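To start, the structure under review is shown below, and the notes come after it.
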Amino acid sequence: KIHEKIANVRHDYLHKISTYLVKNHDIIGMESLQVKNMVKNHHLAKSIHDASWSKFKDLITYKTEWYGKQKVEVDAYFPSSQLCANCGYHNKRVKDLAVREWTCPNCKSIHDRDINAAINIKNEALRLVNGTVGTTGIAY
């Protein structure tokens, strides 16, 4: 019963957050992660499964079609966390997942790995749709 309750709470949350994002944004930019390959890393597998990344992506996909919105997938090999969102400098040292915060050697701006990657994914998604953004903006 406990496992069923946890699964139901997780499923409910994913539906609520995906509906919120799709209703409030015309374009959803997502990184096309290879979840099947990522769960082969036993250090990350439990966290990835707990977060239900594949289920979330499926919900976003069908809801964007349902509401007439647009989902843009940024290639998994796009270096979103390695590019400085301010100046575009490509810092290959950030490839290490242990680096959570870094300073750009070019423009000296300080980046949180995840926030910087989100900004870069947003910018790449906009580039992929050639700058056509509706009135409610883009989610990242």
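These numbers come from a predicted model, not from an experiment. Below, all heavy atoms of this structure are taken into account, side chains as well, without hydrogens, waters or symmetry copies.
- Annotation: the span from Asn120 atom CG to Lys122 atom NZ amounts to 10.0 Å, rounded to 0.5 Å.
- The shortest side-chain heavy-atom distance between Lys55 and His11 falls under the 4.5 Å cut-off.
- For Tyr62, the side chain to side chain contact (heavy atoms under 4.5 Å, CB included) partners are His15, Leu59, Trp66, not counting sequence neighbours.
- Smallest separation of non-hydrogen atoms from Lys63 and Thr19: NZ-OG1, 2.6 Å.
- Checking each of Val72, Ile60, Thr61 against Ile28 for a side-chain contact (heavy atoms from CB on, under 4.5 Å) leaves exactly one that passes, namely Ile60.
- Residue pairs satisfying the salt bridge (charged side-chain N to carboxylate O under 4.0 Å, His left out) criterion with at least one member in residues 99-119, sequence neighbours excluded, are listed as follows: Arg100-Asp114.
- Among residues two or more places apart in sequence or in another chain, the side chain to side chain donor-acceptor pair (under 3.5 Å) test is passed with Lys16 by Asp12.
- Summarising the geometry, atom OG1 belonging to Thr64 is positioned 9.0 Å from atom CE belonging to Met30; distances are rounded to the nearest 0.5 Å.
- The hydrophobic clustering, which links ILVMFWY residues whose side-chain heavy atoms are closer than 4.5 Å, places Ile17 and Ile6 apart.
- Among residue pairs with one or both ends in residues 81-90, none qualify as salt bridge (charged side-chain N to carboxylate O under 4.0 Å, His left out); sequence neighbours excluded.
- No side-chain heavy atom of Leu14 sits under 4.5 Å from any side-chain heavy atom of Ser18.
- Shown here for Pro105 and Asn91, the closest heavy-atom pair between the two residues is CD-ND2, 4.1 Å.
- In this structure Glu124 satisfies the side chain to side chain contact (heavy atoms under 4.5 Å, CB included) test together with Val74, Phe78, Arg127, Leu128, sequence neighbours excluded.
- Scanning both residues, Ala125 and Gly29, for their nearest heavy atoms gives CB-CA, 3.9 Å.
- A salt bridge (charged side-chain N to carboxylate O under 4.0 Å, His left out) check over residues 70-80, counting only residues at least two apart or in different chains, returns the pairs Lys57-Glu73, Lys71-Glu73.
- With a 4.5 Å cut-off between side-chain heavy atoms of Ile, Leu, Val, Met, Phe, Trp and Tyr, the cluster of Ile110 takes in none.
- Hydrophobic clustering (side-chain heavy atoms under 4.5 Å, transitive across Ile, Leu, Val, Met, Phe, Trp, Tyr) keeps Ile115 apart from Val99.
- The ring-ring contact (aromatic ring centres under 6.0 Å, His included) contacts involving residues 85-110 comprise Trp102-His111, where partners must be two or more places apart or lie in separate chains.
- No more than 12 heavy atoms of other residues, nucleotides or ligands sit less than 6.0 Å from atom OH of Tyr20.
- Every residue two or more places apart in sequence or in another chain was checked for a side chain to side chain donor-acceptor pair (under 3.5 Å) with Ser80, and none qualifies.
- Listed by first and then second residue, the salt bridge (charged side-chain N to carboxylate O under 4.0 Å, His left out) pairs that reach into residues 80-98 come to none, sequence neighbours excluded.
- For the residue pair Asn116 and Cys84, the shortest heavy atom distance occurs at OD1-C, 4.0 Å.
- Residues forming a side chain to side chain donor-acceptor pair (under 3.5 Å) with Asn86 (at least two apart in sequence, or on another chain): Ser109.
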